[in-house]
There are 2 protein chains.
Amino acid sequence: MDCNCNAYHCPVDTTLNMIGGKYKALILWHLTDKTLRFGELRKLIPQATPKMLTQQLRELEENHLINRTVFPVVPPRVDYCLSDLGISIRPILEAIYTWGTDYLNQNGLEASCSMTFSS
Amino acid sequence: MDCNCNAYHCPVDTTLNMIGGKYKALILWHLTDKTLRFGELRKLIPQATPKMLTQQLRELEENHLINRTVFPVVPPRVDYCLSDLGISIRPILEAIYTWGTDYLNQNGLEASCSMTFSS
DNA sequence: CAGTATCCCAATCGATACTG
DNA sequence: CAGTATCGATTGGGATACTG
C-alpha cells in the first residue's frame with residue numbers, strides 16, 4: 001500500500017521526472033498522432049536496448065502519459081499510444097525543442113535528431 | 001583537448017541536459033531578477049550539500065546560463081546571477097511549472113516548492 | 001566565506017543471453 | 001513478438017572533514 005507522506009510536491013520536478021528519462025521525450029515524440037508496437041519503437045530508437053525501452057515505457061505508463069494495449073494473440077502484440085495526458089504535455093516538448101534548436105544554431109551546431117516537426 | 005565528433009545534436013536532449021540537473025531548475029528560479037551569493041543559495045536550498053551546489057553552479061556556468069563573479073576580497077565573495085541565456089530559458093521553466101501544477105492539482109496533491117511566481 | 005577533498009553507497013545504463 | 005534475467009561498468013549523490 002502506497003502512502004505518500006510528503007504533503008508538498010514541486011511542480012517543476014514533477015514534470016521533469018516525467019519527461020526527463022533517457023528516451024522518454026523521444027518515445028513521446030514518436031507516438032505523436034501514431035500508435036506504435038514495441039518492435040516499431042525498437043526500430044525507431046535503435047540505441048535503446050530492449051531493457052531500457054521497456055523500462056522507459058513502463059514508467060511513462062505508470063505516469064499515465066501513454067496507454068499500453070496487450071492483444072491476447074500469438075505471436076504477442078502490444079500497442080503503445082499517447083493518453084490525453086501525454087497529448088497535453090506536447091506543447092512543452094515543442095517549446096523545449098524550439099529553444100534547443102535556437103541555442104544549437106546560435107552556437108554553430110547542427111541541430112537534428114529523430115524529432116522533427118511534420119507540421 | 002575536447003573534440004566533439006558528433007555532427008548532430010538533439011535539441012530536446014540539449015535543453016533537458018541544461019535544466020534537468022538535480023538542483024538546476026531551483027537555482028535558476030532563485031536567481032530570477034536577483035543576484036545571490038554562494039552562502040545565500042545554500043540557505044535557500046539547504047537540501048543541497050556544498051559539493052552538489054558547487055557542481056550544479058559550475059555546470060550552469062559552463063552552459064552559460066549563469067554568470068559567476070569573484071571579488072578579490074577577504075573574506076571571499078562570489079556572486080551568481082542569470083545571463084541573458086539564463087533569462088531566455090525562463091518561459092520554458094514557467095511552462096513546465098504550470099503544467100506540473102495543473103497535474104498535481106488534478107491528482108489531489110498539493111503543489112508547492114521553493115518556486116513560486118511573484119508576478 | 002566559498003568552496004575542496006575523500007569516502008562510499010545507490011541508482012543508472014549497456015551488453016548479452018534467454019523465454020512464454 | 002515482446003519482452004526478462006543477469007552481470008558489470010559508470011555515474012550520481014550524500015556525509016563528513018578540511019582549507020585559502
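The structure displayed is predicted, hence computed values, not measured ones. Proteins get letters first, then strands, A, B, ... in listed order; numbering begins at 1 in each.
- Between B/F38 atom CZ and C/dA2 atom P the separation is 8 Å, expressed in whole Å.
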Please list, pair by pair, any protein nitrogen or oxygen found under 3.5 Å from a nitrogen or oxygen in nucleotides 9-12 of chain D.
none

Report summary line: In 5'-to-3' order, the base (B), backbone-only (S) or no-contact (-) status of each nucleotide in nucleotides 15-20 of chain D, using a 4.0 angstrom heavy-atom cut-off, is B----B

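- Among the heavy atoms of the strands, none lies under 4.0 Å from B/F71.
- Taking CG from B/L85 and CG from A/N107, the interatomic distance works out to 8.0 Å, rounded to the nearest 0.5 Å.
- When each of D/dA2, C/dG3, D/dG3 is scored by its nearest atom to the side-chain atoms of B/R68, the top-ranked nucleotide is C/dG3.
- Distance A/Q56 CD to C/dC13 C1': 10 Å, rounded to the nearest Å.
- Although no hydrogens or angles enter the test, the distance criterion places no donor-acceptor pair under 3.5 Å between the side chain of A/T14 and the main chain of B/G100.
- At the heavy-atom level, A/R42 lies nowhere under 4.0 Å from the strands shown.
- Every side chain to side chain donor-acceptor pair (under 3.5 Å) that A/K24 has, sequence neighbours left out, goes to A/E59.
- For the side-chain contact (heavy atoms from CB on, under 4.5 Å) criterion with B/L31, the lone passing option out of B/L26, B/L65, B/I66 is B/I66.
- A/L60 contributes atom CG, which lies 5.0 Å from atom CG of A/L28 (distance to the nearest 0.5 angstrom).
- The backbone N or O of B/E62 sits less than 3.5 Å from a side-chain atom of B/H64, completing a donor-acceptor pair.
- If you measure from atom CZ of B/R58 to atom P of C/dA5, you get 11 Å, rounded to the nearest angstrom.
- With rounding to the nearest 0.5 Å, the separation of CD in A/E94 from CD1 in A/I96 is 10.5 Å.
- B/I87 pairs by the side-chain contact (heavy atoms from CB on, under 4.5 Å) definition with B/L82, B/D84, not counting sequence neighbours.
- Separating the CG atom in A/L93 from the CH2 atom in A/W29 is a distance of 5.5 Å, to the nearest 0.5 Å.
- Separating the CG atom in B/L16 from the CG atom in A/L16 is a distance of 6.0 Å, to the nearest 0.5 Å.
- Phosphate proximity of D/dA2 to A/R37: present, with a side-chain N or O under 4.0 Å from OP1 or OP2.
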Requested in this report: Apply the test side-chain contact (heavy atoms from CB on, under 4.5 Å) to residues A/W99 and B/I89: give CA-CA distance (whole Å), side-chain angles for both, the deciding distance (0.1 Å), then the verdict.
Outcome: CA-CA 8 Å; A/W99 188 93; B/I89 214 169; 3.6 Å; yes

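- Take B/T101 and apply the side-chain contact (heavy atoms from CB on, under 4.5 Å) test, not counting sequence neighbours, and it matches A/P11, B/Y97, B/N105, B/A111.
- When the C1' atom of C/dC1 is taken as reference, atom CG of B/L53 falls 13 Å away, rounded to whole Å.
- One atom, OH of A/Y80, and another, P of D/dC1, lie 15 Å apart when rounded to the nearest Å.
- When the P atom of C/dG14 is taken as reference, atom CD1 of A/I45 falls 12 Å away, rounded to whole Å.
- Not one side-chain nitrogen or oxygen of A/Y23 sits closer than 4.0 Å to the OP1 or OP2 atom of C/dT12.
- When distances are taken from the side chain of A/R77 to each of D/dA2, C/dA2, D/dT4, the shortest belongs to D/dA2.
- Paired runs in DNA chain C that reach 3 or more consecutive Watson-Crick or G-U pairs, where each pair keeps both distances under 3.5 Å, cover C:1-20 with D:1-20.
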